[in-house]
Trainee: 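Sending over a structure as structure tokens; questions will come in a sec.
We count ligands from 1, going down the list as the structure has it; atoms in each ligand are counted the same way.
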Amino acid sequence: MDTLLAKVDAENPSINKEIIAKAADIIKNGGLVAFPTETVYGLGGNALDAQAAMKIYAAKGRPSDNPLIVHISDISQLYPLVDGVSEKAEALINAFWPGPLTLIFKKKDIVPPETSGGLDTVAVRYPENKVAKAFISACGVPIAAPSANTSGKPSPTRASHVAYDMDGRIDMIIDGGSCEFGLESTIVDTTCDPPCLLRPGAVTLGMMKELIGDMTVDKAVVSALKEGEKPKAPGMKYTHYSPKADITIVKGDLDKVEKYILEQADKGKAEGHKVGIIATVQTEDSYKGHNVLVIGDREHPETIAANLFKMLRKCDFLGFEKVYVEYFDEDELGMAIMNRLKKAAGYDVVVL
Ligand code: TXA
Ligand code: MG
């Protein structure tokens, strides 16, 4: 299959009406289109069409028991999909939609089991990205979309990442530039009380608790699950986000962390390994003579979130065998950053 790649103006997608119309046609005919959102790129198909959902699983190489998120472009599209919206869900919707927050509800029969991975619940998200909104609204149906990466790879935050993974496997990629947040949406199960955080993201636990009070946090968010334990979001069980390199996170006082990483990198290099270091603007100068990728600024965690998946992809691109990453504090956005990093590292954290 030839994959069409077309650019759409990120700020003013209506300039590129024909491209959006072409993408919507593909969806109406049961095809697949990758599109930008403010979190990561999604791989979209008609959420109400079981065949389209099956195609998504096939293109990603993803197990079909891992449910898809259903994307809408207007709040009125929510109610036909779900069986009940709790008061707390309503409050979260009012505060954070459109935006990087996915909510889980009991589903109605109109949502096929293929889309919901066989569960009786459905995940719904109303993205804020202008291209996403224009595309979903032109389709006239809710759009099922997982992140547009090959299963197990870091989520794509650029159209070029999508093309690398999906060229020849899907009908079209809409290039709307780079994604603002760079980490997948926060996921909250609203079918229980208190609601439960299943995946941390840019809408943080603190922001939500301030609004709705107590919340629980699924175990899979902060630590590796033990044999036989199941996460509430089926997708959280997979080793995700992993580049080919063996990643180690180093935690402790920053000066100790720098010293340890430098020693290990010197040693690795002397043994003939290709070693990479993921550092920050605060620490990059400490690792002179090594392969350093600067992920962002510790004073502005949003820069680290926005670059994380790009850096993990770059590790593969540059052929690193061993990568050391500095630890980040796990509060607020740091919780989402460390959740993805720990998974990428297979929970290999050295504590100094
Ligand atoms: O930011 C995002 O959420 C991106 C963009 C494209 O919207 N999408 C995304 O989708 O990250 P995906 O498929 O890569 O991750 C969806 C996660 C998976 O871990 C899945 O198991 C979980 O959401 N999920 C979906 N439906 C669920 C449900 N009904 N109950 C529990 N978890 C669910
Ligand atoms: Mg994903």
Trainee: Going by the atom numbers of ligand 1, which of them fall below 4.0 Å from some non-hydrogen atom of Ile69?
Mentor: 3 (O), 8 (N), 9 (C), 10 (O), 16 (C)
Trainee: Tell me, please, if Ser147 has any N/O/S atom, main chain or side chain, under 2.8 Å from the Mg ion (ligand 2)?
Mentor: yes
Trainee: When you compare the side chain of His161 with that of Val40, does any pair of heavy atoms fall below 4.5 Å?
Mentor: no
Trainee: What atoms in ligand 1 come closer than 4.0 Å to a heavy atom of Lys232?
Mentor: 31 (C), 32 (N)
Trainee: Would you call Lys342 and Glu330 a salt bridge, using N to O less than 4.0 angstrom?
Mentor: yes
Trainee: Residue-level breakdown please: for Thr121 versus ligand 1, do any non-hydrogen atoms fall below 4.0 Å on the side chain, on the backbone, on both, or on neither?
Mentor: both
Trainee: Within ligand 1, which atoms have a heavy atom of Leu119 less than 4.0 Å away?
Mentor: 28 (C), 29 (N), 30 (N)
Trainee: With respect to Asn66, determine whether any N or O atom, backbone or side chain, lies less than 3.5 Å from an N or O atom of ligand 1.
Mentor: yes
Trainee: Do the side-chain N and O atoms of Ser185 and Thr39 include a donor-acceptor pair separated by under 3.5 angstrom?
Mentor: no
Trainee: Mark up the atoms of ligand 1 that fall under 4.0 Å of a heavy atom belonging to Ser185, in ascending order.
Mentor: 1 (O), 2 (C), 3 (O)
Trainee: Group every Ile, Leu, Val, Met, Phe, Trp and Tyr by side-chain heavy-atom contacts under 4.5 Å, then state whether Leu48 and Val82 land in the same group.
Mentor: yes
Trainee: Nearest to atom 12 (P) of ligand 1 by heavy atom, Ser147, Ala34, Ala132, Ala145: which?
Mentor: Ser147
Trainee: Counting from 1, what ligand 1 atoms have a heavy atom of Gly42 closer than 4.0 Å?
Mentor: 6 (C)
Trainee: Assess whether a salt bridge exists between Arg125 and Glu184, defined as any Lys/Arg side-chain N lying under 4.0 Å from an Asp/Glu carboxylate O.
Mentor: no
Trainee: Using a strict cut-off of less than 4.0 Å between a Lys/Arg side-chain nitrogen and an Asp/Glu carboxylate oxygen, indicate whether Lys108 and Asp83 qualify as a salt bridge.
Mentor: no
Trainee: For the 3.5 Å polar cut-off, considering only N or O atoms, please tell me whether Thr37 and ligand 1 meet it.
Mentor: no
Trainee: Quick one: look at Ile187 and ligand 1, take heavy-atom pairs under 4.0 Å, and tell me if it's side chain, backbone, both or neither.
Mentor: side chain
Trainee: Mark the output for Arg199 as yes if a heavy-atom distance to ligand 1 is under 4.0 Å, and as no if none is.
Mentor: yes
Trainee: Would you mind checking if Lys153 and Asp165 are paired as a salt bridge, meaning a charged N to carboxylate O distance below 4.0 Å?
Mentor: no
Trainee: Could you tell me, atom by atom, which parts of ligand 1 come under 4.0 Å of a heavy atom of His71?
Mentor: 5 (C), 6 (C), 7 (O)
Trainee: Closer than 4.0 angstrom, basic N to acidic O: yes or no for Glu263 and Lys259?
Mentor: yes
Trainee: Has ligand 1 got any nitrogen or oxygen that is less than 3.5 angstrom from a nitrogen or oxygen of Tyr41?
Mentor: no
Trainee: Could you see which bit of Arg62 sits under 4.0 Å from ligand 1, with heavy atoms only: side chain, backbone, both or neither?
Mentor: side chain
Trainee: Relative to the ring of Tyr260, is the ring of Tyr324 parallel (under 30°), tilted (30 to 60°) or perpendicular (over 60°)?
Mentor: perpendicular
Trainee: Same cluster or not: are Phe96 and Met335 linked, directly or through other Ile, Leu, Val, Met, Phe, Trp or Tyr residues, by side-chain heavy atoms under 4.5 angstrom apart?
Mentor: yes
